[in-house]
Structure formats: C-alpha cells, structure tokens
Amino acid sequence: MGDIRLMKGNEVIAEAAIRCGCDGYFGYPITPQSEIMETLMIRRPELETGMVVVQAESEVAAINMVYGGASCGKKVMTSSSSPGISLKAEGITYLAGAELPALIVNIVRGGPGLGTIQPAQSDYFQAVKGGGHGDYKLIVLAPASVQEMNDFVDLGFELSHKYLNPAMILSDGVIGQMMEKVELSEFKPRWTEEEIIAKSGTWATTGKTADRERNISTSLDLDSAKQEVFNHKLQAKYRAMEENEVRFEKIDCDDADYLFVAYGSSARICQKAIELAREKGIKVGLLRPITLFPYPTKAIQEMLGQVKGILSVEMSAGQMVEDVRLAVNGKVPVEHYGRYGGIIPTPDEVVEALEQNFLGE
Amino acid sequence: MTEEIIIAGFGGQGVLSMGKILAYSGIMQDQEVSWMPSYGPEMRGGTANVTVILSDNRISSPVLKKFDTAIILNQQSMDKFEADVKPGGTLLYDPNGITRHPERTDINIFRIPGAALATEMGNPKTFNMIIMGGFLKVKPIVKLENVQRGLEKSLPERHHKLIPLNIEAIQKGIENVETVLAL
C-alpha cells in the first residue's frame, strides 16, 4: 500500500504536482483554491525537487510566466478560480496558438462577475468551448474525487505534452475543499535538461545549437494561407484527441431505464440519487464524463436504444446539456437540472427532478 | 456499513477537527471516508459544520440532506439540522446554550454536557473530544485504538504529547452521555 492520507482536493493538487516532477507553479490567490499555492509554499519544493513556486503580481502575469516556462519545454502549471481564469483566458489561447503544453487548474466558483466563493460548474462553456478567442480546444479533465485530483495532475501533464496543447483540470469548490482518503503517487524526478532536449528539442527554446535553426514560440503568422494550414494542423490534433483520449465512467447503467449525465461533484451527488431512486424502484444509471473535451459523445449514443430519458445534472443554468443534446440529436428527451450561484443540489432534489421530468409526478 | 454524520456548532468549538479525527480513524480501519466542510465567509463565532461519511464501500455524495447522526453543539444548528436526521437515526447534543431542546419522537436522542465537562477538566479545548467520546458510546463505529491512531496521524508531532489528554477527554465523554430518548 502506498502513501495514504486524508487531504483536501486542493492540497492534493499541490502534492501531486511536486510528486510528478512539475518544474514550476505560477499563481495568484483566490478562494476556493488558495490552498493549492499555500500548500506549495509550506512544502517548499524548491528545496526538495527544485520546483519553482511563484506568487505572481496578478493572474495575467502568472499565465504569462507559464507561457515562458512552457516555451522552454518545462512542466509548468497555474491554478485559479473562475474570475481568475477569465483573466488568464488571453494567455491560454496564446498557449494553444503556440502549441505549448501546460496545466491549468480551475476550482470553479459561482459567477458571473466576482459572483460568490461557493462551488459551481458554470465555467463549462469557458473550459470546453473557448474562453479565449480563436478555434482552439483545451484537454479538459473533470475529477470527481480527491483521488482523481491526485491522478489527473500527472495525466494532465502527460496529455498536454503528448499533444503540445494546454490541459485543464475543471473542478469546483466541493472537490477542492473536501477531504477524502487519497493514495498519493510515487515521486518522479523532474526532467533533466538533456531529457527535455531529447523530448522537446525540435520546438522548445532549449538554447540554439549550431546544427539547427532557432526555435521560436509564437502564435503569430500574418500569412493567412499559412495560418489556415496551421489551423488544419490544430484541428487534426483535436480530432486525434477525440479518437484516442475520451474517458468516462458508467455506473449502474446495465439495467437503466433512465440516465443521469453529470461530471465532477454533480456526478457524486447523482450516485447518491441513484441509490435513492432505486429504493423507489426507478432504474437509473449514471454516465460520468471524465474528459469534457474530448466529450464522450459515442458513449452517450450507445445508451440511446436503452434509456427513455436523460437528465443532465450540473451546477449551472444548463451548459453541458447542450453537448448531451448534440450527442442525442433528438432521439430521446433530454432535460437539465441545476442549481447555481453557489448552491449545491441535494440528492433528493435530483431524484425529484428526474420524477418530474420523466415519470409524470 | 455506511454512517453519514453532520457535526454542527460554533466556529472555534473544534467541529472541523473533530470531523477530521473521526475521518482519520475511519481510514485507520480501512474504510472509505469523506469530510466536507461548510466553507464561506464564516469566521470565529459564526456557525461551522462538517459532513463526515465513513463507509465500507465507495462513497457516493459527500453532500447530503439527510443524516444517520447529527451532532449538534448550538441552538442555530439545532434549528437547522434536527429535521434532517433520518427517521430512526441519532441526535447527540450538548445542552449548553440550548433554549429549545429537540422535539422529534422518531429518532434516538442523547445528551452530553461537553462544555461543562471541559470546564471541569480545566481545558476548554478538550470539548470536541468529550463530544467524540459521547458519539462513540452511542455509535461505536470506530474502535478507540483507531481513534488514537487517527489522532497520531492528524495531529502534528509537536502536539503528540496532548494525545493522552484527548483520550482522557474521550473516556469522559463515553462515561457521561445520557439517553434522552431511545427507540
């Protein structure tokens, strides 16, 4: 058995970053994710692994420090909560445009504007559909437990370096603030300069040598023809992600007449709702998207011959439900249930919403 | 076994740390655990509550509306959570500062004079472990030896000298819990 702890989701993000060989964290505090940087500052990884932790002067500075570190082929990350991610949106689209790997963590709080510090899932569109300008996509991972907060840090770095594209962990104040049992990952050493050159020397600014051209990190190309070719390349990359990287979990789906689709903390609430509904004789299952981009469209489509109705549950006014409806394409009724502004739905409410929408009660 | 617990009182009473020690005790006996605090702009003197779940199985929702046990340590929490105990469930409370005692007749009700006993012990910080003792008497879901191991895990080493005092407080709680209503 490995290193088992009781930790907050936010603390685990920090610990997992140190353990997976992250080179640098650049952030600016905001509730409900401040424990990430607090934990890093207390742990002082610069003494242990050499990982750099910087409290930047602003979110904009932090994301641009990430851009700098990523350009050097390093494993770098930042974290924030909703309003802070909006500030970082420019830097995120530049990272995507320059094909740079980085991990961005969003512990979502209620919005819009400064909103509230309580949990929400109302940044789905921002994470999955854009946030910044241009035709780009993030790899978006949605942890539903403190264990997955641990696991997805390493996975996020792995995928972002595999595809040279920023990855996002989209979580919320529930998963960030709660403590659960977690088995921490083994320590992995940080990449050496030689390893970085071997891995990323074709594009990273590792220091020009006589035998190659300069590597330049940029998202600018004023030649439209070239820019279109570049966009084709990005789109091909996103199609490859859709082909290879879709992750989801099905719970109690085998005999289900109805289906919840929910991610993150809402998926946890739906698991309790399944227990309550099944006590009443309602056979409902859960499809939990783990990657929000690429989205488990086919997995939803495979349920269509079986279920009579789908309830998308999200702490928003109805964002992910649009992707469920695109997948379903009118073949069965799809409804949304959500609470927002920082209110967390209870499992009982979710069962009631299922009954009201599909069971005529 | 799954036990869904809410612990609710004032900030500063040790509500969150009691929940943490309980959760760690669960880990010590190989259970799944979750600890979900109310967080917000609530500071010392405000209300604080935490939902703790211990289970032999994977835990579904860390956020609940109904509880097997409510541990209630002030009047605001009594007003808020008495109705949320499942029928047949358990309510444990400290009568200190309570102006309206629980009225339910379909749940087990126990009383523990935690604040008074802590004063008697000469250390108000023992309060939450006295309450923990009361809880373990009425719901022995974790073994005392695992609570001790949980304390060792959750307290920083420089505070380990306080563990015997905490165990003494738990014993005090075990000895002094009173039954108000047993179904």
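Protein chains get the first letters and strands the later ones, always in sequence-line order, with residue 1 at the start of each.
Remark: Ser154(B) OG to Arg5(A) CZ distance equals 13.0 Å, nearest 0.5 Å. Considering CD of Glu32(B) and NZ of Lys181(A), their distance stands at 4.0 Å, rounded to 0.5 Å.
Interface remark: Val146(A) contributes no atoms to any contact with chain B (heavy atom separation under 4.5 Å). Neither the backbone nor the side chain of Ile175(A) comes within contact range of chain B; no heavy atoms are under 4.5 Å apart. Looking at Ile59(B), the atoms closer than 4.5 Å to chain A (heavy atoms on both sides) sit in the backbone and in the side chain alike. For Ile344(A), the part lying near chain B is the side chain, with the backbone staying farther off; criterion is any non-hydrogen pair under 4.5 Å.
Listed options Gly19(B), Pro37(B), Gly26(B), Ser61(B) were ranked by heavy-atom pairs under 4.5 angstrom with chain A; first place goes to Ser61(B). Counting heavy-atom pairs closer than 4.5 Å to chain B, the top residue among Met179(A), Glu180(A), Met178(A), Gln271(A) is Met179(A).
Within a 6.0 Å radius of NZ in Lys250(A), more than 12 heavy atoms belonging to other residues, nucleotides or ligands are found. The neighbour count for Tyr258(A) OH, taken as heavy atoms of other residues, nucleotides or ligands under 6.0 Å away, is above 12. Surrounding CZ of Arg44(A) are at most 12 heavy atoms belonging to other residues, nucleotides or ligands under 6.0 Å away. The local environment of NZ in Lys66(B) is crowded, with over 12 non-hydrogen atoms from other residues, nucleotides or ligands closer than 6.0 Å. At most 12 heavy atoms of other shown residues, nucleotides or ligands fall within 6.0 angstrom of atom CG in Leu114(A). Residue Asp254(A) places its CG atom among 12 or fewer non-hydrogen atoms of other residues, nucleotides or ligands, all under 6.0 Å distant. Other residues, nucleotides and ligands contribute only 12 or fewer heavy atoms inside 6.0 Å of the CD atom of Glu186(A). Within 6.0 Å of CD in Glu103(B) there are more than 12 heavy atoms belonging to other residues, nucleotides or ligands.
Between the side chains of Glu275(A) and Ser60(B), at least one donor N or O lies within less than 3.5 Å of an accepting N or O.
Not one N or O on the side chain of Lys65(B) forms a donor-acceptor pair closer than 3.5 Å with the backbone of Pro347(A). In terms of modelled atom types and a separation under 3.5 Å, the side chain of Arg268(A) and the main chain of Val63(B) share no donor-acceptor contact.
In this structure, Arg58(B) pairs ionically with Glu249(A), as a charged nitrogen and a carboxylate oxygen lie closer than 4.0 Å.
In terms of heavy-atom proximity, Lys8(A) sits nearest to Trp35(B) at CE-CZ3, 4.0 Å.
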Output, in order, the C-alpha distance, side-chain angles, deciding distance and verdict of side-chain contact (heavy atoms from CB on, under 4.5 Å) for Leu6(A) and Lys153(B).
-> CA-CA 9 Å; Leu6(A) 178 72; Lys153(B) 271 286 232 179; over 6 Å; no
Stepwise side-chain contact (heavy atoms from CB on, under 4.5 Å) check, Leu64(B) with Lys272(A) = CA-CA 9 Å; Leu64(B) 299 167; Lys272(A) 187 76 186 175; 3.9 Å; yes
